[in-house]
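In what follows, a single structure is set out as structure tokens and then discussed.
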Amino acid sequence: MAVTRYSKRSIWIHWFSAILIFANVPTGLAMSETVASESKLLLYQIHFVIVSLVFVLATFHVYIKGRYPRPCKNVKLRN
């Protein structure tokens with residue numbers, strides 16, 4: 001039986017990673033505008049945590065892609 005769609009786990013990881021990446025942009029911009037202070041240190045910590053989460057999710061996603069089959073290219077994906 002051919003796989004016709006990506007697993008819910010892969011879809012969830014994809015969109016959660018995208019949200020985290022887009023949420024990380026404002027912290028990076030705010031860090032570049034902030035003078036050295038406690039608030040800049042807090043922004044660095046938030047930025048680091050988000051990047052770490054994205055890295056862990058990306059690593060897990062690579063593991064999942066290697067373990068579970070992907071949809072066939074010649075099969076139209078269901079919505």
Side-chain angles (χ1 to χ4, degrees):
M1 183 170 136
V3 177
T4 58
R5 65 178 288 158
Y6 289 99
S7 69
K8 290 184 185 282
R9 185 181 304 133
S10 288
I11 294 169
W12 182 86
I13 290 172
H14 171 82
W15 286 110
F16 190 62
S17 296
I19 290 168
L20 286 174
I21 290 167
F22 284 119
N24 214 17
V25 171
T27 60
L29 294 173
M31 281 188 306
S32 67
E33 299 293 325
T34 307
V35 295
S37 66
E38 288 183 24
S39 61
K40 189 168 188 169
L41 181 60
L42 178 64
L43 287 171
Y44 271 108
Q45 291 172 341
I46 292 169
H47 194 79
F48 178 77
V49 168
I50 292 173
V51 168
S52 298
L53 282 172
V54 170
F55 176 75
V56 168
L57 285 173
T59 304
F60 186 61
H61 195 88
V62 168
Y63 169 75
I64 288 172
K65 278 189 168 188
R67 188 162 168 104
Y68 299 101
R70 294 172 57 192
C72 296
K73 290 186 178 190
N74 59 354
V75 176
K76 184 178 179 183
L77 296 177
R78 293 185 292 167
N79 289 332

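Just the heavy atoms: all of them, side chains too, but no hydrogens, waters or symmetry mates, feed the values below.
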Side-chain donor-acceptor contacts of residues 13-25 below 3.5 Å, not counting sequence neighbours, with atom names and distances?
unit_1 : atom_1 : unit_2 : atom_2 : d
Ser17  : OG     : Ile13  : O      : 2.9
Asn24  : OD1    : Thr27  : OG1    : 3.0
Asn24  : OD1    : His47  : ND1    : 2.8

Hey, any chance [X] and [Y] share a hydrophobic cluster, counting ILVMFWY side chains that come within less than 4.5 Å of each other, even indirectly?
X	Y	answer
Ile46	Leu53	yes
Phe60	Ile50	yes
Leu57	Ile64	yes
Val62	Val54	no

Worksheet item: To which residues is Val35 joined in a hydrophobic cluster, defined by side-chain heavy-atom contacts under 4.5 Å among Ile, Leu, Val, Met, Phe, Trp and Tyr, whether direct or through other members?
Response: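 Hydrophobic cluster check, Val35: no partners found.
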
Discussion item. Suppose clustering is done on Ile, Leu, Val, Met, Phe, Trp and Tyr with side-chain heavy atoms closer than 4.5 Å. Which residues sit in the same group as Leu43?
Written reply: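 Direct or chained contacts put Leu43 with Met31, Tyr44.
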
Worksheet item: How long is the span from the OG1 atom in Thr34 to the CG atom in Leu29, to the nearest 0.5 Å?
Response: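 Atom-to-atom, Thr34:OG1 and Leu29:CG are 10.0 Å apart.
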
Fill in: Atom pair CD (Gln45) and CD (Glu38), whose distance is rounded to the nearest 0.5 Å
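Reported value, rounded in 0.5 Å steps: 10.0 Å.
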
Fill in: Ser39: side chain to side chain donor-acceptor pair (under 3.5 Å) partners, not counting sequence neighbours
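Listed in chain order: Ser37.
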
Fill in: side chain to side chain donor-acceptor pair (under 3.5 Å) partners for Ser10, two or more places apart
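Testing Ser10 for side chain to side chain donor-acceptor pair (under 3.5 Å), a comparison that skips the adjacent residues, returns Ser7.
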
Fill in: ring pair (Phe, Tyr, Trp, His ring centres under 6.0 Å) against Phe55, all qualifying residues, sequence neighbours excluded
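Partners of Phe55 by the ring pair (Phe, Tyr, Trp, His ring centres under 6.0 Å) criterion come out as none, since no residue qualifies.
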
